[in-house]
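The figures that follow rest on heavy atoms only: side chains count, while hydrogens, waters and symmetry mates do not. If you're wondering where the values come from, they're calculated on a predicted model, not measured in any experiment.
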Amino acid sequence: MVRGKVQMKRIENPVHRQVTFCKRRAGLLKKAKELSVLCDAEIGLLIFSAHGKLYELATKGTMQGLLERYMKFTRGAQLEPEPAINESHPQDAKEEIDVLKQEIGTLQKGLSYLFGGGIGTMTVEELQVLEKYLEMWIYQIRSMKMNNMLREIQTLRDKEGILKAANKYLQDKIAENAGITNFGPLALDTYPLMIQDEIFQF
């Protein structure tokens with residue numbers, strides 16, 4: 001049986017997305033371990049879920065040791081010396097302030113366009129900046145939506161557990177009461193019921 005081709009796009013159903021994440025994460029960790037054993041490679045793997053949970057794998061040693069080795073390697077690979085911090089700091093701060101002012105202006109202009117109050121036109125660069133921020137906002141909104149849905153699912157599961165426990169308790173009580181009130185058939189031949197007439201005379 002041939003497996004269908006999976007479309008490379010975000011899974012909209014949160015349950016299917018979580019199941020796929022768990023399966024693919026386990027497969028990725030397994031492949032990393034196999035690669036480490038087969039090829040004698042040192043592998044460090046970091047995975048952050050959509051809810052911010054960390055999954056990590058260090059095939060040899062610790063993740064901290066691998067990160068320190070990576071930092072040493074990347075620092076050694078840099079050819080150009082870093083500029084002196086004291087000399088460039090005021091200029092960098094001024095440039096950063098100018099960039100932030102420009103981004104704020106672009107966002108304000110874009111928001112006015114979104115709500116129908118824009119005047120004139122926006123340049124391609126301004127539209128690209130606006131698109132970048134809109135994508136960031138969409139990602140944050142989806143993350144918040146996912147967290148809210150997961151909290152609601154957990155609340156419903158908790159309620160389900162409480163209701164199941166209450167249902168079992170009530171069923172046990174019903175069974176217990178049925179056992180107490182069910183005396184079975186009376187054997188009159190073995191134990192005849194005799195009531196003297198004098199008891200009922202006034």
Side-chain angles (χ1 to χ4, degrees), residues 2-35 43-59 63-64 66-68 70-71 73-75 77-78 82 85 88-162:
V2 180
R3 183 179 175 183
K5 187 177 180 181
V6 179
Q7 293 183 352
M8 286 296 110
K9 66 176 185 178
R10 182 177 182 271
I11 301 172
E12 295 300 328
N13 188 317
V15 177
H16 293 170
R17 186 165 60 242
Q18 183 64 27
V19 170
T20 302
F21 173 76
C22 292
K23 287 182 179 178
R24 299 247 175 165
R25 182 196 68 220
L28 184 61
L29 295 173
K30 181 181 177 184
K31 290 291 183 186
K33 289 177 184 175
E34 290 174 355
L35 179 62
I43 298 175
L45 181 62
L46 294 173
I47 302 173
F48 285 96
S49 70
H51 316 298
K53 190 172 181 181
L54 171 64
Y55 302 90
E56 64 178 81
L57 169 70
T59 57
M63 182 61 70
Q64 184 66 30
L66 281 173
L67 290 174
E68 288 174 0
Y70 170 78
M71 294 301 292
F73 184 82
T74 53
R75 276 198 296 267
Q78 290 177 353
E82 297 182 0
I85 297 175
S88 61
H89 181 69
Q91 186 67 23
D92 289 344
K94 187 175 183 300
E95 289 177 1
E96 187 176 350
I97 291 170
D98 293 338
V99 170
L100 289 174
K101 284 181 179 178
Q102 185 178 359
E103 288 182 357
I104 290 170
T106 304
L107 290 175
Q108 288 176 343
K109 190 175 180 182
L111 287 174
S112 66
Y113 266 86
L114 291 176
F115 292 105
I119 300 173
T121 59
M122 293 184 71
T123 64
V124 176
E125 290 80 11
E126 290 175 337
L127 289 172
Q128 287 175 346
V129 171
L130 183 61
E131 181 183 16
K132 180 183 74 173
Y133 280 100
L134 287 174
E135 288 174 354
M136 289 171 53
W137 293 337
I138 288 172
Y139 174 77
Q140 290 175 356
I141 289 168
R142 283 179 177 167
S143 298
M144 291 171 61
K145 181 181 175 183
M146 185 64 187
N147 290 335
N148 290 337
M149 290 176 66
L150 287 173
R151 278 198 295 268
E152 289 177 5
I153 289 171
Q154 188 60 45
T155 303
L156 291 174
R157 284 178 179 167
D158 294 342
K159 287 182 180 179
E160 181 187 10
I162 293 170

Just to verify, what does [X] make a side chain to side chain contact (heavy atoms under 4.5 Å, CB included) with, not counting sequence neighbours?
X	result
Glu68	Gln64
Asn13	Val15, His16
Phe21	Gln18, Arg25, Ile47, Ser49, Tyr55
Lys101	Ile97

Salt bridge (Lys or Arg N to Asp or Glu O under 4.0 Å) involving Glu135 - partner list, sequence neighbours excluded | none
Which residues share a salt bridge (Lys or Arg N to Asp or Glu O under 4.0 Å) with Arg157, sequence neighbours left out |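 Arg157 satisfies salt bridge (Lys or Arg N to Asp or Glu O under 4.0 Å) with no other residue.
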Euclidean distance, [Y] [atom2] relative to [X] [atom1], rounded to 0.5 Å:
X	Y	atom1	atom2	value
Lys159	Gln154	NZ	CD	12.5 Å
Leu35	Leu45	CG	CG	11.0 Å
Glu34	Ile43	CD	CD1	10.0 Å
Leu57	Leu28	CG	CG	8.5 Å
Phe48	Glu56	CZ	CD	8.5 Å
Thr155	Leu150	OG1	CG	10.5 Å

Side chain to side chain contact (heavy atoms under 4.5 Å, CB included) evaluation trace for Arg142 with Met146 | CA-CA 6 Å; Arg142 283 179 177 167; Met146 185 64 187; over 6 Å; no
Which heavy atom of Pro14 sits nearest a heavy atom of Met149, and at what distance?
->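 So the minimum-distance heavy-atom pair works out to CG-CE, 3.3 Å.
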How close do Thr59 and Ala32 get, heavy atom to heavy atom, and via which atoms?
->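 Between these two residues, the closest heavy atoms are CG2-O, 4.2 Å.
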Salt bridge (charged side-chain N to carboxylate O under 4.0 Å, His left out) contacts touching residues 6-18 (sequence neighbours left out) = Arg10-Glu12
Residues forming a side chain to side chain donor-acceptor pair (under 3.5 Å) with Glu152, sequence neighbours excluded =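 Testing Glu152 for side chain to side chain donor-acceptor pair (under 3.5 Å), a comparison that skips the adjacent residues, returns none.
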Who passes side chain to side chain donor-acceptor pair (under 3.5 Å) against Gln140, sequence neighbours left out?
-> none
So which of Met144, Arg151, Lys145 actually passes side-chain contact (heavy atoms from CB on, under 4.5 Å) with Asn147?
->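 Only one option passes, and that is Arg151.
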